[in-house]
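Written below as structure tokens is the structure these notes are about.
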Amino acid sequence: MSSFEFPSIYNFPPFFTKQPNNSVWKSQLQQWTTLVLDYCKHYRIWRLSTAGTPIVEDATGVPSDSLFTNSIIDRHLKPEVCQEIIASLVDQGRAQWIDKTAQKSVLVLWYSISEWSDLLLNWVDSTGQKGVVLTLYEIQHGNLTLSEEFHSIDETTLTQALELLEKKGKVLMMKENKNVVGVKFI
Amino acid sequence: MTWKKIKATQSGRPFFDDIDEVIVYIQDDIGLYQDNTKLDKFQTVRFYLTNKRLIFINELFPEENYYILLHEIQEVSLYQGFINSSPKLILDLVKTEGEETKRMYRISWICTICSFSNHVQLDKPLAKFNEANNEINFKCSMCGIKPERLILKDGSSKADSFEPELKPVEATTASKRKHRCPQCTFVNHPSMLNCEMCNFPLRDKDSFDDSDILLGSKDSTTFKLSFHDKKVQPFSDKLQHYIEKSQHDFLKRFNRMNMNVVQQPASPVGPSKETPKKGIHDLENNSSNFIDSSFLNDSLSGLGRLMRHAEKLIRLSESMKPLMMNLHQCSHENHQLISLLKSNKPPHKINNGIIVESDTKKSLYHKEVARQLVEFILNYDLVQNDFISLCELYKLYNKSRGLNLLSPSTFKLICEQLENVNSIVKLYQIEYHNNNSFYIISKTSSTNYNLSNKVNTLLEENPSDLKQLQIAMNNCNFSILKSVVDELCSEGVIVLDQSIGGNVYYINHYF
């Protein structure tokens, strides 16, 4: 996996300090959220801790150090500022708290739930799998989805996307002990 | 004696060479008159009364500043003003021999050929002319015949006395004024000593003064100070007081004390007061004698009471003596303290003495201190770093004053006057949106001088921390710089980078 190309602002030291001016800070926050989303999309990071480190089972190719630390210019964001950025992502609907009370990590949605559901639907259409029962594992890790953006998608995110599709009546969920095991696209 | 020029400082205060010279009173907005002529140049001058001199500073013509020594003022009289005319102080200057020689000698003779009456002005008395050298070379203006020396002598002896025939109108009015009875206005014959009508002594002191002024006016030694703001009394009182004092000092210095004491009884005032025992007024005099004697009795008994009180006071003072001795010691200690204070010289010294807020007009006082402050700032080049904060200046100035410190509020009022005293420094208020503001004193020439701009350009070249900025800005006041930078930062013009290394400021290019 190629390494992520950071924007030039990432090497601008004041980027790592919360600016006193409110409008400047808003702009700064915007740049940070965009950066986080781009970064996560690039490395396919589904879960991110508030400290900026990715939570992945398979860590190959994914940088282990925090996004909020720039070792080149020796700057890092203060923890409370990191928290603020993540909270802002959640407010924008681009992230979801994994643990609502502790607020230690988030599901990063570089695509929103409805965008994911659209992508899933398109894939099913284009591959002619309508009416076919698919397990969640097949969608996540199947050979057919290797080139798709939702390959290795986080299970929580996938379930949410499928639930949205079910509401629209596009899919039938097969549940066992309240756990979704498979889906059938109609 | 005339007015002499004096140099003024940049801020328009007189230079004092003498350390003992102290400003006693300041009065502005005075118009100057010589005799009765308005001197157009000097219509809004500011007078400084010191313990030695009377100085005026002319702001409209900065070169035209003059002073006069106080002991050269012979007499001060006061004219209270009337409707539109401002109250005036009339100064009579002492005449000197030097001026006497400058006077022109007028000679007149009647030509023996054509009988024309000639008038010639000479710069020295006729007796000093040497006939042999043929210095006398004036001729009759009618026929051109030279006069003989003998005739000239006759004419000169007549002409040397003041010539009333030259100005007949003035002379008659003057004489009329002299002979008019001040009480009933009856114009008496010049030879009368007392008024024919009311027996009032005609030649009283005032009439003599009058003639003195007239005499002085011929050599133009009379000056009038017109007080446009109509408050003449305080100035007049102080002036009188200090003139008396300086005349006294002057006489003392030259051992001329009581020199004229013998001549005093010879003054004509004494005999003229005596009224003749004639006329209707004799009776009135008798009754006034009676009143006098009863008054004398009263005052004698009063004097007796006074003596008894004095005895009591003496007894009291005897009983207080031990206490007074203690007090004396105390004051001695105080004196030591003051001398210690004086010897302890501050790094900056105020040149022209401390100005004390006395009964001088408030705004005038502030302006005056502002002038002094300008000198102080310029002398020590306190604005070399483009500006100085009000607090710093306050501290320095008060330290230099040593005594009679100013309160912060007064000092601010004074600084607000800085721009009104024709000066080159000015008080600026730098305001911030969080209602904080501070004051700096900066050169007026750099009015467009803008701290924030300077900070901006410096940061544009090189992102730096506060210390670097301070050095780049000639070591300017840190707290001011800090507030300027904070302000810029909160405006979002510059951005902050906080790290272990400290706060570094950058120009905001990204946000």
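- Looking at B:Y397, its side chain never comes within 3.5 Å of a backbone N or O of B:L406 through a donor-acceptor pair.
- Scanning residues 7-22 of chain A against chain B with a 4.5 Å heavy-atom cutoff picks out A:S8, A:I9, A:F12, A:P13, A:P14, A:F15, A:T17, A:Q19, A:P20, A:N21, ordered by number.
- Residue A:L144 comes nearest to A:W123 through the heavy atom pair O-NE1, 3.7 Å, listed as atom of the first residue, atom of the second, then distance.
- Minimum interatomic distance between A:L165 and A:S117 (heavy atoms only, all atoms of both residues): CG-CB, 3.6 Å.
- At least one donor-acceptor pair closer than 3.5 Å links the side chain of A:S49 to the backbone N or O of A:T53.
- Across all their heavy atoms, A:S3 and A:Y43 have their closest contact at CA-OH, 3.2 Å.
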- Task: Please step through side-chain hydrogen bond (donor to acceptor under 3.5 Å, both in side chains) for the pair B:S407 and B:T410, ending with a clear verdict.
- Result: CA-CA 5 Å; B:S407 72; B:T410 321; 2.4 Å; yes
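- Here the closest heavy-atom approach between residue B:G492 and residue A:V24 is recorded as CA-CG2, 3.5 Å.
- In terms of heavy-atom proximity, B:Y506 sits nearest to B:D497 at CE1-CB, 3.6 Å.
- The backbone N or O of B:S389 lies less than 3.5 Å from a partner atom in the side chain of B:E392, making a donor-acceptor pair.
- Residues of residues 66-102 of chain A lying under 4.5 angstrom from chain B, judged on non-hydrogen atoms, are A:R75, A:K78 by number.
- Under 3.5 Å, the side chains of B:E368 and B:Y48 contain a donor-acceptor pair of N or O atoms.
- When all heavy atoms of A:I55 and A:S105 are compared, the pair lying nearest together is CD1-CB, 3.5 Å.
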- Step by step, would you call B:K412 with B:E416 a salt bridge (Lys or Arg N to Asp or Glu O under 4.0 Å)? CA-CA 6 Å; B:K412 192 175 157 247; B:E416 279 165 2; 3.2 Å; yes
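- For the 3.5 Å distance criterion, the side chains of B:N462 and B:S464 fail to qualify, holding no donor opposite an acceptor.
- Side chain of A:E148 to main chain of A:T145: no donor-acceptor pair is present (N/O by atom type, distance under 3.5 Å, no hydrogens or angles).
- Not one N or O on the side chain of B:D29 forms a donor-acceptor pair closer than 3.5 Å with the backbone of B:R46.
- Neither the backbone nor the side chain of B:N503 comes within contact range of chain A; no heavy atom of the residue lies under 4.5 Å from a heavy atom of that chain.
- Ring centroids of A:W46 and A:W116 are separated by less than 6.0 Å, placing the two rings close together.
- In terms of modelled atom types and a separation under 3.5 Å, the side chain of A:S152 and the main chain of A:Q140 share no donor-acceptor contact.
- Proximity to chain B at a heavy-atom threshold of 4.5 Å picks out nothing from residues 124-137 of chain A.
- Using non-hydrogen atoms only and a strict 4.5 Å limit, the part of residues 28-35 of chain A facing chain B consists of A:Q28, A:Q31.
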